[in-house]
Each structure stands twice: as C-alpha cells, then as structure tokens.
There are 2 protein chains.
Amino acid sequence: MLKDVMRKKLREQGNRVTAQREAILKIFEEVGDHLGAEDVYQLLLRRRRRISKATVYRTLELLTSMGLLRRLEPNEGVYRYELAESSSNHHHAICTSCGTIMNIDLKDLENSIQQAAESIGFNMTNYSVVIYGLCPSCQKKINAETEMISSK
Amino acid sequence: MLKDVMRKKLREQGNRVTAQREAILKIFEEVGDHLGAEDVYQLLLRRRRRISKATVYRTLELLTSMGLLRRLEPNEGVYRYELAESSSNHHHAICTSCGTIMNIDLKDLENSIQQAAESIGFNMTNYSVVIYGLCPSCQKKINAETEMISSK
DNA sequence: GTAGGTGCAAACGCTTTGCATCTGG
DNA sequence: CCAGATGCAAAGCGTTTGCACCTAC
C-alpha cells in the first residue's frame with residue numbers, strides 16, 4: 001500500500017509521519033492525476049480536512065522529492081502533480097480547447113529518444129512528451145457546431 | 001526577411017508596425033533562442049533601447065499569437081520564447097544541473113507520436129518532447145570531480 | 001523534551017491590467 | 001484625427017517564507 005511506502009520513506013529520511021501528509025497522499029490515491037495545489041487544497045476542504053495551503057505546497061514538494069509524486073511541466077499556468085508510479089510509462093495529451101489532460105503510452109519511443117539524446121552528447125535521465133490537439137469530446141462538439149452552421 | 005513577414009502580418013490583422021515590436025523581433029534574430037521576458041528586456045537595455053516590461057510582455061504574446069514566436073513550456077519558473085521558424089522541427093534537452101537548453105532534432109518520431117495520439121482518439125496538432133539529463137559540459141565537470149575524490 | 005511540522009500572514013517574482021499619454025496610418 | 005500602442009504603477013496570482021505555536025517520536 002502506498003501509505004506504507006510513504007511512511008517507510010519518511011522515516012528513512014528522518015521526516016515525520018503526519019496526518020496532513022497522509023491526507024494529501026490519499027487525495028491522489030482517490031482522485032488521481034493531474035492535480036494542482038489549489039485542487040488538492042479544495043478537495044481536502046470538501047473532505048472536511050482543513051490544511052493550510054503552505055502545508056499543501058510543502059507536502060507536494062516533499063512527496064515529489066521522495067519520488068512518490070511527479071510534477072508535470074505546465075504548458076500554461078499551474079504546476080500539476082500525479083502519482084509517480086502511475087506515470088512511469090505514460091505521457092500527456094493536452095486538449096487545446098478544454099484543457100483536459102489524457103494519458104498516453106509511448107514507451108516504444110524510449111530507445112529512439114535515448115539515441116537522439118546521445119547524438120548530441122546529452123546524458124538523458126528521463127523525458128517527457130506532450131501532445132497538443134483536440135480531445136475526442138471537443139472534436140465532437142466542433143463537428144456538431146459545423147453541421148449546425150452548414151445546415152442553416 | 002523576418003521583419004517584413006512581421007510587418008505584413010501586423011497590417012493584415014489591423015495591428016500597427018511600431019519601433020518597439022521591430023526591436024523585440026530583432027533581439028530574437030540576433031540573440032536567438034530560449035529567451036524569457038526579462039532576458040529580452042535586459043538585452044534591449046544593453047542596446048540602449050528602453051522599452052517597458054509591459055510592452056515586452058504584450059509584444060511576446062502578440063508575436064506568439066501571430067505565429068512568429070513559439071512559447072516553450074517551462075519545466076521550472078519562467079516562460080521562454082524562440083523564433084517559430086527555427087523551432088518547427090526541433091525539441092529540447094534541458095540540463096538538470098546547469099539549466100542549459102539544447103536543441104534536438106526528432107522529426108523521425110513524428111509519425112509514431114501521431115499514431116499514438118490517434119490510438120486514443122486524440123486529434124494532434126503539434127507536440128513537444130523535452131529530455132532531461134546532463135549536458136556534455138556538466139558531465140565533464142562531474143567526471144572531473146569524481147576523479148579528484150577517488151585520487152585523494 | 002526537542003527537532004521537525006504546521007498555520008497564518010506577509011513577502012515574492014513573474015505576469016497582467018487600468019489609465020493617461022503618445023503615435024502610426 | 002483617433003484607434004491602437006506604450007509606459008508607468010498598481011494589482012493579480014500562484015508560490016514561498018518567517019515566525020510562533022504545535023506534535024511526532
């Protein structure tokens with residue numbers, strides 16, 4: 001269980017196990033991916049857990065440095081986080097219309113990317129692919145609108 | 001010439017050609033890639049061109065929306081920009097030690113990425129690959145340090 | 001008991017905005 | 001001449017920090 005992994009890691013590094021840290025990790029287990037600090041804060045409030053934003057920020061950073069969370073590079077605005085275990089082999093497709101983030105598996109590409117990095121003398125530790133475009137539901141919306149117009 | 005492209009596009013859209021806009025575009029032609037708003041502002045100052053930061057920000061946004069610049073997704077901190085023409089077929093390798101951004105050509109991957117996007121019903125318009133790791137010069141530094149220690 | 005964690009509010013840094021003034025077409 | 005652009009200063013907004021109080025160990 002992830003909670004136990006966290007407890008173990010915290011203790012190994014001389015950090016403490018606190019209710020706040022467990023609550024924040026639990027949010028990610030329950031709600032899932034791509035949450036920003038504000039999202040986490042609000043989700044905690046909805047669960048009647050009042051944790052200061054400062055603590056949310058500090059905890060997100062701690063969990064990231066411990067390797068439990070991964071921080072996504074924002075294309076726009078806010079840092080978002082996801083469970084690191086779930087993110088080891090996927091990348092992101094971001095809808096430019098509604099902002100939805102979808103996961104996408106690209107592990108077949110790993111070798112080609114690795115090679116390209118080597119070709120410029122770069123020692124790659126990891127990589128991230130972000131795809132921009134329209135998610136299925138925005139495509140539908142746009143198609144529907146187009147039909148409306150052409151049928152007028 | 002790029003300046004003429006800009007003039008043409010500005011007029012087409014009913015925007016004005018101003019000295020500030022030309023000066024900012026020129027910075028990118030002369031200095032090149034991966035500049036943040038503050039960089040552009042400082043480079044202008046060094047060239048004795050006092051342009052307010054507000055204008056720098058507004059112009060970077062305008063040039064981006066016109067397709068002349070591209071805004072890079074920051075992994076950390078600040079938005080950076082580069083000439084869009086130079087960025088059509090390259091991606092970025094970011095050194096996690098010194099922060100240097102290197103360009104890398106990955107156009108062979110385009111088809112595979114396109115296909116992966118389609119497989120989840122996503123209509124891709126473009127994509128971005130960011131590679132993290134150590135640039136050649138930081139690798140050297142680290143090797144040198146390691147030798148120093150082992151030879152003690 | 002005490003080092004480390006938390007909450008609060010203030011500070012921060014990048015970016016955006018309101019408004020008076022200026023200027024390209 | 002006047003819609004659009006600029007400069008300035010102030011506001012915004014997500015994030016970080018200083019400090020007094022609290023709590024896990």
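Chain naming here is simple, since letters A, B, ... match the order of the sequence lines and numbering starts at 1 in each.
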Inset, instruction - Spell out, as yes or no, whether a donor-acceptor pair under 3.5 Å connects the side chain of Ser128(A) to the backbone of Val130(B). - result: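 A pair under 3.5 Å: no.
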Legend entry - Side chain Thr64(A), main chain Leu60(A), donor-acceptor under 3.5 Å: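 Between the backbone of Leu60(A) and the side chain of Thr64(A) there is a qualifying donor-acceptor contact (under 3.5 Å).
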Legend entry - Whether over 12 other heavy atoms sit under 6.0 Å from Glu61(A) CD: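 Incorrect, the count does not exceed 12.
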Inset, instruction - Can you establish whether the number of heavy atoms outside Gln139(A) located under 6.0 Å from its atom CD is more than 12? - result: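 More than 12 heavy atoms, drawn from other residues, nucleotides or ligands, come within 6.0 Å of this atom.
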Inset, instruction - Indicate, with a heavy-atom threshold strictly under 4.0 Å, whether Gln20(B) touches base, sugar-phosphate, or nothing. - result: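 Counting heavy atoms under 4.0 Å across all strands, the contact made by Gln20(B) is with sugar-phosphate only.
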Inset, instruction - For dG4(D), take OP1 and OP2 only and decide whether either is under 4.0 Å from a side-chain N or O of Thr18(B). - result: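 So the side-chain polar atoms of Thr18(B) never come under 4.0 Å of the phosphate oxygens OP1 or OP2 of dG4(D).
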Legend entry - Phosphate contact (dG4(D) OP1 or OP2) by Asn15(B) side-chain N/O below 4.0 Å: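 So the side-chain polar atoms of Asn15(B) never come under 4.0 Å of the phosphate oxygens OP1 or OP2 of dG4(D).
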Inset, instruction - Find which nucleotide of DNA chain C each of Gly14(A) and Arg16(B) is nearest to by heavy atoms, and output the residue with the more 5' nucleotide. - result: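 Going by which nucleotide is closer to the 5' end, it is Gly14(A).
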Legend entry - Of Arg21(A) and Glu61(B), the one whose closest DNA chain C nucleotide lies more 5':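 Result of the comparison: Arg21(A).
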Inset, instruction - Give, ordered by number, those residues of residues 49-58 of chain A having at least one heavy-atom distance below 4.0 Å to an atom of DNA chain C; if nothing qualifies, reply none. - result: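 Arg50(A), Ile51(A), Ser52(A), Ala54(A), Thr55(A), Arg58(A), in order of number.
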Nucleotide [N], atom [atom2] - distance to [atom1] of [X] in whole Å:
X        : N       : atom1 : atom2 : result
Leu35(A) : dT15(D) : CG    : C1'   : 17 Å
Leu10(B) : dG4(D)  : CG    : C1'   : 12 Å
Leu44(B) : dT6(D)  : CG    : C1'   : 14 Å

Inset, instruction - Please check if any side-chain donor atom of Gln114(B) sits under 3.5 Å from a side-chain acceptor atom of Glu110(B), or the reverse. - result: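 Their side chains do not contain a donor-acceptor pair, so the 3.5 Å distance test is not met.
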Legend entry - Geometric class of the His92(B)/His34(B) ring pair [parallel <30°, tilted 30-60°, perpendicular >60°]: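 If you compare the ring of His34(B) with that of His92(B), the planes turn out perpendicular.
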Inset, instruction - Could you tell me how the ring of Phe28(B) sits relative to the ring of Tyr81(B): parallel (under 30°), tilted (30 to 60°) or perpendicular (over 60°)? - result: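 Taking Tyr81(B) first and then Phe28(B), their aromatic rings stand perpendicular (interplane angle over 60°).
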Inset, instruction - Verify side chain to side chain contact (heavy atoms under 4.5 Å, CB included) between Val31(B) and Val40(B), making sure each step is shown before the conclusion. - result: CA-CA 9 Å; Val31(B) 182; Val40(B) 173; over 6 Å; no
Legend entry - Axial bend angle, the helix from dG1(C)-dC25(D) to dG25(C)-dC1(D): five-pair end segments, nearest 10°: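 The angle, to the nearest 10 degrees, is 30°.
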Inset, instruction - Would you mind telling me which residue lines up with the more 5' stretch of DNA chain D, Arg11(A) or Gly36(A), judged by nearest nucleotide? - result: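 The residue mapped nearer the 5' terminus is Gly36(A).
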Legend entry - DNA chain C: 5'-most and 3'-most nucleotides touching chain A, 4.0 angstrom heavy-atom criterion: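 Boundary nucleotides touching chain A, in 5' to 3' order, are dA3(C) to dC8(C).
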Legend entry - Derivation of the side chain to side chain contact (heavy atoms under 4.5 Å, CB included) call for Met66(A) and Gln13(A): CA-CA 9 Å; Met66(A) 285 167 45; Gln13(A) 302 178 14; 3.8 Å; yes
Inset, instruction - Using a strict cut-off of less than 4.0 Å between a Lys/Arg side-chain nitrogen and an Asp/Glu carboxylate oxygen, indicate whether Arg47(B) and Glu30(B) qualify as a salt bridge. - result: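 Yes.
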Inset, instruction - Look at Glu82(A) together with Arg71(A) and state whether they make a salt bridge at an N to O cut-off of under 4.0 Å. - result: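 Salt bridge: no.
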